[in-house]
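By convention in this document, chain letters (A, B, ...) are assigned in the order of the sequence lines, proteins followed by strands, and residues within each chain are numbered from 1. Quick note: numbers below take in every heavy atom, side chains included, and nothing from hydrogens, waters or symmetry partners.
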Amino acid sequence: MDLPGQVNCETCRIRSCAVEVLDQQELDILKTNCAGAVYARNERIFQQGSLTSNIAYVKTGLVKIHKNGPSKDQILKLVKPPRFIGIPTVLGDKINNYSATALLPTTVCFIVTSTFKTLIMRNGRFANEVINSICQDELTFYDRSINQMQKQIHGRLADALLFLADEIFEADSFDLPLSQSDLGDYIHATRESVTRTLGRLKADGLIQVKGKNIKLIEKDMLRKISKLG
DNA sequence: GCATTAACCACAG
DNA sequence: CTGTGGTTAATGC
């Protein structure tokens with residue numbers, strides 16, 4: 001992997017589909033206007049309310065996108081790399097509309113916003129890839145919104161556990177990267193409800209819990225719960 | 001009415 | 001930060 005700070009977009013092995021379609025000249029432009037950074041667990045990548053800076057591309061790790069609402073913080077989504085984050089907030093406003101925080105040690109590449117715009121202007125295929133990625137994100141977000149609104153706690157928690165296992169970790173046993181309070185912010189529930197519901201799933205033998213480690217035992221049953229809400 | 005759900009509060013490891 | 005118990009408001013038989 002490239003050293004943090006210095007990046008080489010030509011040889012980067014986890015570059016985006018969008019960067020894949022750039023020509024040599026464009027890669028040179030990108031390379032000189034791009035910098036890598038490393039974040040520790042729970043370190044903020046950008047902060048809601050502060051001036052937007054650069055376009056961020058998450059290369060490794062895990063990131064939560066979250067926003068302070070009227071009463072409390074809410075986790076909008078968890079982002080598994082490689083993925084751009086914050087394109088809407090950087091291009092859509094001068095002030096960040098939401099925050100991004102690393103949940104695991106995370107590496108990020110920042111692209112100077114004006115450079116990003118230049119590439120979009122110059123290269124239609126690049127723009128197309130970026131738009132595709134934003135569209136996918138939006139569709140995913142719609143699904144999640146509907147699921148959150150129409151299910152009750154058991155379904156929402158089962159959803160989250162299956163998502164973590166299938167999409168994020170690709171394993172049925174994993175260490176929760178979130179506190180139970182964070183998990184509550186993610187599935188629209190209080191910390192207490194998360195504790196209780198996890199306890200019930202455990203008591204019913206659907207999952208095993210050892211500290212932070214969660215192991216899904218009866219995934220079919222969890223899917224059923226997720227489906228029925 | 002009665003049961004269920006989930007938030008709110010308090011207190012204890 | 002997590003686990004529990006009591007209370008309470010809303011919703012649905």
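At a cut-off of 3.5 angstrom, counting only N and O atoms as typed in the model, there is a donor on one side and an acceptor on the other between the side-chain of A/E192 and the base of B/dC9.
A/K202 comes within 4.0 angstrom of no nucleic acid atom, judged by non-hydrogen atoms across all strands.
In this entry the distance linking CG of A/L183 with P of B/dA6 reads 15 Å, nearest Å. Taking atom CZ on A/R191 and atom C1' on B/dA12, their separation rounds to 11 Å, with Å as the unit. If you measure from atom CD of A/Q148 to atom C1' of B/dA6, you get 15 Å, rounded to the nearest angstrom. A/R156 has its CZ atom 7 Å from the P atom of B/dA6, to the nearest Å. Rounded to whole angstrom, the span from the CZ atom of A/R196 across to the P atom of B/dT4 amounts to 15 Å. To the nearest angstrom, P of B/dA7 lies 12 Å from CG of A/L157.
Geometric assessment of A/R156 against the ring of A/Y186 yields a negative cation-pi assignment under the 6.0 Å and 45° thresholds.
A/D166 has a carboxylate O that lies under 4.0 Å from a charged side-chain N of A/K219, or vice versa, which qualifies the two as a salt bridge. Ion pairing between a basic and an acidic side chain is recognised when a charged N comes within 4.0 Å of a carboxylate O; A/D185 and A/K72 show such pairing.
Distance check, rounded to the nearest 0.5 Å: OG1 of A/T106 to NZ of A/K64 gives 12.0 Å. The distance from the OG atom of A/S114 to the CE atom of A/M121 is 11.0 Å, given to the nearest 0.5 Å.
The shortest distance between the side-chain N/O atoms of A/S193 and the OP1/OP2 oxygens of B/dA6 is not below 4.0 Å.
In summary, contact between chain A and DNA chain C, defined as any nucleotide atom under 4.0 Å from a heavy atom of the protein, begins and ends at C/dT2 to C/dG6 in the 5' to 3' direction.
Aromatic ring centroids of A/F126 and A/F116 lie under 6.0 Å apart.
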